[in-house]
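Remarks on the structure that follows.
Counting convention: from 1, in listed order, for ligands and their atoms alike. In what follows, every heavy atom counts, from backbone to side chain, and hydrogens, waters and symmetry copies are set aside. Worth saying up front: this structure is predicted, and the values here are computed from it rather than measured.
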Amino acid sequence: MADAMRVAMNDAVNRSAAKTVTGWPVSEAAAGAILTIDLGAVRENYRRLKARLGGVACAGVVKANGYGLGAAQVAAALIREGCDIFFVALLTEGVALRKTIGTGPDIYVLNGLPPGSEPEAVAAGLCAVINSGAQLKAWRAAAHDAGRRLPAAIQVDSGMSRLGLAPTEVAALGGDSSAFDGIDVKYVMSHLACADEPRHPANEQQRLAFERLRAMLPEAPASLANSSGIFLGPSYQHDLARPGAALYGINPTPGEPNPMLPVVWLQAKVAQTRRVEKGAGIGYGHSYHADAPLGLATISFGYADGWLRRSASAGWFEGVRLPFLGRVSMDSIILDISALPPGRLREGDLVELLGPSQSVDDAAGHAGTIGYEILASFGPRFHRRYVGG
Ligand SMILES: *Cc1c(COP(=O)(O)O)cnc(C)c1O
């Protein structure tokens, strides 16, 4: 990551990124925190997944603004690796992505199209993910209106109970030869509930249910694996994998060494430093009292930036751990800097919150959550710097 930091940032890319996320660019000098996104690492992670997949195709999942890191930038980086299939969650995300990447790559809308929105999806050249009989009917009608076949992935519920056609619906549609008229069935897909627990029996149950269900549908390439699903082995990989998290450096094999490169480096600026006497109350609610004279630093970063209030953690400066003291505020956090020589840390210095000293998965572990939530919670106030693109 340090190497990546030395790569000159691309001002134009960064400005457009900041606009996408916040509506206004946040300059590095003005920002309270700096989020560095290593697109070179995203590309390397894609290559590593491709290597695991042998000849199986690999899409890029860029929902929720590319897991908080910038869907437009991530998609552009993946396109340079030859990726030409993307998944978003919502129609609005698909429309925005189409504008930035242009025509060419396929964009699938995982959550399905809200009733009545089909013309918008057609206009943006998006592929529907069909999750219900009603959605299938609406997409068929849209194809009729458009006067051409429309592309779709048919999603079946193989046992997660979240999205997709129920087994009874699949059976009914399988017996109706005209059900898919006007639909170009690109994929039959499903999603695994427990892929990050390789020994969970639900994985094999879902895989078998998926095979049974897709045998009832029009013959089409199949897609089941998310990031962790890729690591369950070839029988889960089918014709197309749909990784998200692993591209962004989150460990797809929890409990084992992370096979992915880290992608984000998050640094917050020191807004002020001070010394306090033994007994001083620190932060809201005085939830902490100094048990000795302490050096403190307040950083411009808080729960409004996505750092969960309940998560105890620490920042790092030149490899020294600086524990959070007291409660996380909306815009600030107080750190114990007593481990540093007096005067070493000054206003404007950058404290590392995510990076070589603390991975996204480490931070998630402290917060009792998953790396996905850490990334997707990032607020709009960071200066975003893209490197390695
Ligand atoms: C989010 C999502 C993915 C990507 O999952 P990761 O665990 O981030 O790799 C794939 N498929 C579906 C249906 C999803 O909702």
Side-chain angles (χ1 to χ4, degrees), residues 42 45-46 48-50 52-53 56-69 71 74-75 78 83 85-91 93-94 97 106-113 126-132 135 152-165 186-198 200 202-203 206-207 209-210 213-214 221-232 236-255 258-261 263-264 360-361 364 369-378:
V42 173
N45 288 339
Y46 183 78
R48 289 183 186 186
L49 294 173
K50 288 277 290 182
R52 283 248 157 208
L53 285 164
V56 171
C58 189
V61 179
V62 294
K63 60 195 183 190
N65 192 33
Y67 291 48
L69 302 185
V74 169
L78 293 177
C83 179
I85 304 172
F86 294 95
F87 287 84
V88 296
L90 304 182
L91 171 59
E93 295 173 346
L97 184 63
D106 288 338
I107 303 172
Y108 289 86
V109 180
L110 286 167
N111 282 19
L113 303 174
L126 304 181
C127 306
V129 173
I130 304 288
N131 292 319
S132 70
Q135 286 175 20
I154 310 298
Q155 178 157 231
V156 298
D157 176 21
S158 59
M160 186 174 178
S161 314
R162 187 177 71 167
L163 288 168
L165 297 162
K186 298 271 200 186
Y187 292 98
V188 175
M189 61 172 280
S190 191
H191 193 49
L192 294 165
C194 307
D196 58 346
E197 299 174 59
H200 201 296
N203 292 322
Q206 280 199 266
R207 191 181 69 79
F210 181 53
L213 292 169
R214 78 187 181 93
S223 177
L224 180 62
N226 65 337
S227 298
S228 295
I230 293 170
F231 292 82
L232 294 177
Y236 287 83
Q237 294 172 353
H238 299 87
D239 303 300
L240 175 72
R242 307 184 310 270
L247 296 172
Y248 307 102
I250 292 171
N251 188 355
T253 57
N258 190 349
M260 300 293 126
L261 281 184
V263 168
V264 298
V360 174
D361 291 306
T369 181
I370 53 175
Y372 298 64
E373 193 181 12
I374 299 279
L375 295 188
S377 301
F378 284 162

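Contact annotation: the side chain of Leu247 approaches that of Leu78 to within less than 4.5 Å [non-hydrogen atoms, C-beta and beyond].
For the atom pair CG of Leu113 and CD1 of Ile130, the computed distance is 7.0 Å after rounding to the nearest 0.5 Å. Atom CG in Asp106 sits 10.0 Å away from atom CZ in Phe86 (nearest 0.5 Å). Taking CG of Leu165 as the start and CG of Asp157 as the end, the distance is 9.0 Å to the nearest 0.5 Å.
For Arg242, there are no salt bridge (Lys or Arg N to Asp or Glu O under 4.0 Å) partners, not counting sequence neighbours.
Within 4.0 Å of ligand 1, counting heavy atoms only, the contacting residues are Val61, Lys63, Tyr67, Leu110, Arg162, His191, Asn226, Ser227, Arg242, Pro243, Gly244, Ala245, Tyr372.
A perpendicular orientation is assigned to the rings of His238 and Phe210, their planes being inclined by more than 60° (bins at 30° and 60°).
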